[in-house]
Amino acid sequence: MAFMSEFFAIVVAVLSMRALSESDFCPSRSPVKSSCPPEWQLWGSACYRLTSSKYNWEDAKTACHDVGGKMAAPRSPEELNFMVDLARKDDSQYRVWIACNDRDVEGAWECDGQEGVEPFLEWADEQPDNWEGNQDCVAIAAWHNHRMDDGHCDGSNRAFCVRHAACAHLSTQPRQYCVSTDTHGRILNSTCLLDHSIREFITKGVVACGSACAQEPRCRSFNIKKTEDGKRICQLNNSTSSEDKEKFQKTDYFCTMYSEEMCSD
């Protein structure tokens with residue numbers, strides 16, 4: 001049986017895994033689980049973020065490349081709305097570059113990743129207007145009703161970046177979760193992974209919490225906490241006890257951590 005430090009692991013729950021939705025970024029031959037690095041946000045099976053600083057359009061492309069991605073261009077209303085929400089959470093008055101331009105031929109708009117097809121362009125009212133005859137790069141702006149506006153390419157804005165999500169093919173076998181025990185086989189209560197919670201909610205028990213973890217692409221383990229009034233709180237974690245051993249700690253309340261990495265074959 002696998003072990004971590006001086007603790008052994010025992011199987012305590014076997015949970016079914018539903019297939020996750022597919023996208024252009026991950027293979028569709030088998031079910032996949034997608035995840036993103038820190039500071040990136042998952043949508044579908046791709047990861048998105050804003051550049052940390054403002055740049056002109058060309059330098060913004062380089063900035064996205066420097067963080068491991070490329071400048072993003074939405075391909076659907078749903079993707080556009082996701083990007084708008086991402087920008088709006090950061091700055092209610094945002095204006096952010098996307099990977100669309102007509103620098104080669106005026107009025108012939110091109111968007112990265114949409115070559116050979118009519119690009120997806122959701123223009124704001126009365127846009128594009130090519131103001132002053134030199135607006136060749138596209139931004140999404142809050143003051144344009146969260147839609148697209150043509151702008152001067154040497155203007156200074158942040159940019160949307162996108163990269164492939166990490167894709168892991170999932171076994172078609174039921175997913176197993178294990179809990180740490182001491183050398184006598186007793187479950188280690190009041191021991192949980194701290195400061196890694198993605199979200200938490202009241203749960204009926206281990207199976208319900210584990211099912212939520214199985215359906216959350218970023219979930220790597222989960223905690224079950226009991227409140228003073230007897231309710232059970234499920235915490236979904238984006239890490240495991242071996243990935244951050246310092247945060248795998250005893251608590252002053254009843255708590256148990258479950259992790260699939262601790263299971264033996």
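Just so you know, these numbers use all the heavy atoms, side chains as well, and skip hydrogens, waters and symmetry mates.
Partners of D66 according to the side-chain hydrogen bond (donor to acceptor under 3.5 Å, both in side chains) rule, which considers only residues two or more places apart in sequence or in another chain, do not exist here. Under the side-chain hydrogen bond (donor to acceptor under 3.5 Å, both in side chains) criterion, Q41 pairs with no residue at all, not counting sequence neighbours.
A donor-acceptor contact closer than 3.5 angstrom is absent between the side chains of D125 and N145.
With N56 contributing its side chain and D154 its backbone, the two residues share no donor-acceptor pair below 3.5 Å. Side chain of Q127 to backbone of W123: no donor-acceptor contact under 3.5 angstrom is found. A distance-only check finds no donor-acceptor pair linking the side chain of T240 to the backbone of S221 [under 3.5 Å]. Between the W97 side chain and the Y55 main chain, a donor and an acceptor come within less than 3.5 Å of each other.
Among residues at least two apart or in separate chains, disulfide bond (SG atoms under 2.5 Å apart) pairs with a member in residues 53-86 are C64-C161. Within the structure, the salt bridge (charged side-chain N to carboxylate O under 4.0 Å, His left out) test picks out the following pairs touching residues 81-93 (sequence neighbours left out): D85-R88, D90-R158. Residue pairs satisfying the side-chain hydrogen bond (donor to acceptor under 3.5 Å, both in side chains) criterion with at least one member in residues 104-120, sequence neighbours excluded, are listed as follows: K70-D112, E106-N130. Judged as a salt bridge (charged side-chain N to carboxylate O under 4.0 Å, His left out), the pairs with a partner in residues 49-61 (not counting sequence neighbours) are, in order, E39-R49, E58-R103.
Two residues are said to be in side-chain contact when any heavy atoms from C-beta on lie closer than 4.5 Å; F201 and L236 meet this criterion.
Minimum interatomic distance between A141 and R95 (heavy atoms only, all atoms of both residues): CB-NH1, 3.8 Å.
Residues L50 and W57 do not share a hydrophobic cluster, clusters being chains of Ile/Leu/Val/Met/Phe/Trp/Tyr side chains in contact below 4.5 Å.
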Apply side chain to side chain contact (heavy atoms under 4.5 Å, CB included) to I140 and Y94, showing your working.
CA-CA 8 Å; I140 301 172; Y94 71 89; 3.8 Å; yes

Please walk me through it: do V67 and T51 pass side chain to side chain contact (heavy atoms under 4.5 Å, CB included)?
CA-CA 8 Å; V67 294; T51 55; 6.0 Å; no

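Taking SG of C192 as the start and CZ of F254 as the end, the distance is 9.0 Å to the nearest 0.5 Å.
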